[in-house]
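Counting starts at 1 for both ligands and their atoms, in listed order.
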Amino acid sequence: MRVGVHVSIAGGLPAALERAKRLSCNTMQIFSRSPRGGPAPVLAEADVRAFQSGRQAADIQPLVVHAPYIINLASPDARMHAQSVRLYREDYARCATIGAQYLVTHVGSHRGSGEEAGIARVAEALNETLAHDSPVMVLLENTAGSGQGLGERFEHLAAMRAGVKQFKRVGVCLDTAHTFAAGYAIHTLEGLEQTLEQFDRLVGLEHLKVVHLNDSKVEFESRVDRHWHIGDGKIGLEAFRRIVNHPKLRDLPFILETPKDSDEDDPRNLATIRGLCAEHRSATHARAR
Ligand code: ZN
Ligand code: FE
Ligand code: FE
């Protein structure tokens with residue numbers, strides 16, 4: 001299985017790689033800059049090269065970049081929208097520079113201007129961003145569905161993709177905590193099947209490229225985004241066992257975005273996930289013999 005965590009880039013790319021290696025990740029997610037704005041740190045060529053070769057040597061694939069939170073591609077405010085698109089295009093270019101395969105993107109908030117208008121603005125922003133060739137894929141992340149946000153329904157993600165000329169470079173990242181909070185019953189056996197069926201019908205499972213593995217601190221359908229430790233939340237351990245072993249999901253990269261209150265949190269959540277994975281368990285067993 002491919003499992004990793006979102007690691008900090010404090011100290012630069014080589015420091016981020018060390019964090020991922022220490023946790024024995026074979027995939028990882030980072031921000032390319034501060035998620036709350038400010039000038040982006042310069043990507044020194046030597047750092048990028050060391051990061052690339054180090055990642056190859058440690059077989060950490062794919063590399064996922066998460067776009068900054070301050071970006072709102074659906075904003076009805078012309079200035080805010082233009083600023084978001086500029087920042088987003090910059091981040092998209094940084095992904096290519098550091099060798100990331102995917103740029104995970106929050107689809108933003110329509111701020112009361114309506115879903116349809118918001119979806120159209122996201123598609124327009126993606127058309128501008130993807131106008132030039134690049135190997136980097138954009139992944140639209142589904143949301144918990146609070147307030148005037150977009151992206152909590154698979155229909156929204158499908159409509160955004162449909163509005164993009166380079167739709168082949170637009171995929172989806174599903175976040176388990178968001179999916180659950182938005183009212184898709186992935187915590188039950190039948191609910192998970194139904195959710196995947198719906199996703200396949202509306203978006204197409206072949207476009208699902210990354211799964212964010214987070215338990216949820218809040219109730220089903222609460223429309224609130226509160227990530228929690230795997231197995232300690234309302235989704236629960238057995239649901240995660242079904243998710244990571246599901247034939248339609250098990251070959252996807254799983255990224256943890258669980259809370260990091262102590263140094264023990266990431267190792268513990270990773271160990272929980274690896275322990276749930278049938279393939280991982282039998283491989284470990286085989287090595288022990
Ligand atoms: Zn996200
Ligand atoms: Fe996420
Ligand atoms: Fe979240």
Side-chain angles (χ1 to χ4, degrees), residues 2-9 25 27-37 62-74 84 87-88 91-92 95 100-109 122 125-126 136-154 156-157 160 170-184 186 195 199 203 207-230 232-235 240 243-244 249 252-261 265-266 269-270 273:
R2 291 267 158 198
V3 61
V5 299
H6 181 109
V7 294
S8 159
I9 51 159
C25 295
T27 176
M28 67 190 283
Q29 179 175 283
I30 55 171
F31 291 118
S32 97
R33 62 194 296 163
S34 162
R36 311 210 180 272
L63 169 65
V64 183
V65 168
H66 197 298
Y69 297 134
I70 45 160
I71 289 175
N72 182 7
L73 299 178
S84 290
L87 209 77
Y88 187 64
D91 218 52
Y92 184 73
C95 285
Q101 282 85 347
Y102 301 124
L103 176 58
V104 168
T105 305
H106 287 187
V107 293
S109 162
V122 173
L126 295 177
V136 181
M137 266 189 95
V138 163
L139 301 187
L140 305 174
E141 180 171 4
N142 73 316
T143 59
S146 40
Q148 297 162 339
L150 284 169
E152 76 274 19
R153 309 297 315 165
F154 299 156
H156 298 172
L157 306 174
M160 286 168 198
V170 181
V172 171
C173 166
L174 276 185
D175 185 306
T176 53
H178 301 174
T179 308
F180 174 77
Y184 294 100
I186 55 167
T195 302
F199 185 90
V203 182
H207 305 301
L208 178 59
K209 301 296 182 187
V210 169
V211 175
H212 282 169
L213 278 186
N214 303 304
D215 210 329
S216 173
K217 196 170 185 182
V218 289
E219 299 293 336
F220 177 60
E221 238 176 342
S222 61
R223 301 190 148 239
V224 174
D225 182 2
R226 289 280 182 286
H227 299 191
W228 202 235
H229 303 291
I230 304 296
D232 293 350
K234 307 287 182 190
I235 299 177
F240 280 101
I243 290 168
V244 301
L249 302 176
L252 291 169
F254 294 113
I255 304 276
L256 289 163
E257 299 175 318
T258 39
K260 301 172 194 287
D261 296 321
D265 284 338
D266 278 342
N269 283 304
L270 278 165
I273 290 300

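For the pair OE1 of Glu141 and NE2 of His106, the angle whose vertex sits at the Zn ion (ligand 1) is 100° to 10 degrees.
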### Task
Carefully, step by step, assess Ser146 and Asp225 under the rule side-chain hydrogen bond (donor to acceptor under 3.5 Å, both in side chains).
CA-CA 8 Å; Ser146 40; Asp225 182 2; over 6 Å; no
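Between His212 and His227 there is no side-chain heavy-atom pair separated by less than 4.5 Å. Within the 4.5 Å cutoff, side-chain heavy atoms of Val172 are placed close to those of Phe199.
Just one of Glu141, Gln29, His6 meets the side-chain hydrogen bond (donor to acceptor under 3.5 Å, both in side chains) condition when paired with His66; it is Glu141.
Not one N, O or S atom of His178 sits under 2.8 Å from the Zn ion (ligand 1). Contact annotation: Cys173 places no N, O or S atom under 2.8 Å from the Zn ion (ligand 1).
Without hydrogens or angle criteria, Ser216 side chain to Val218 main chain gives a donor-acceptor distance under 3.5 Å. With Asn269 contributing its side chain and Ile230 its backbone, the two residues share a donor-acceptor pair below 3.5 Å.
Residues Val64 and Val104 come closest through the heavy atom pair CG1-CG2, 3.4 Å.
Around the Fe ion (ligand 2), the protein atoms of type N, O or S that sit closer than 2.8 Å are Glu141 OE2, Asp175 OD2, His212 ND1, Glu257 OE1.
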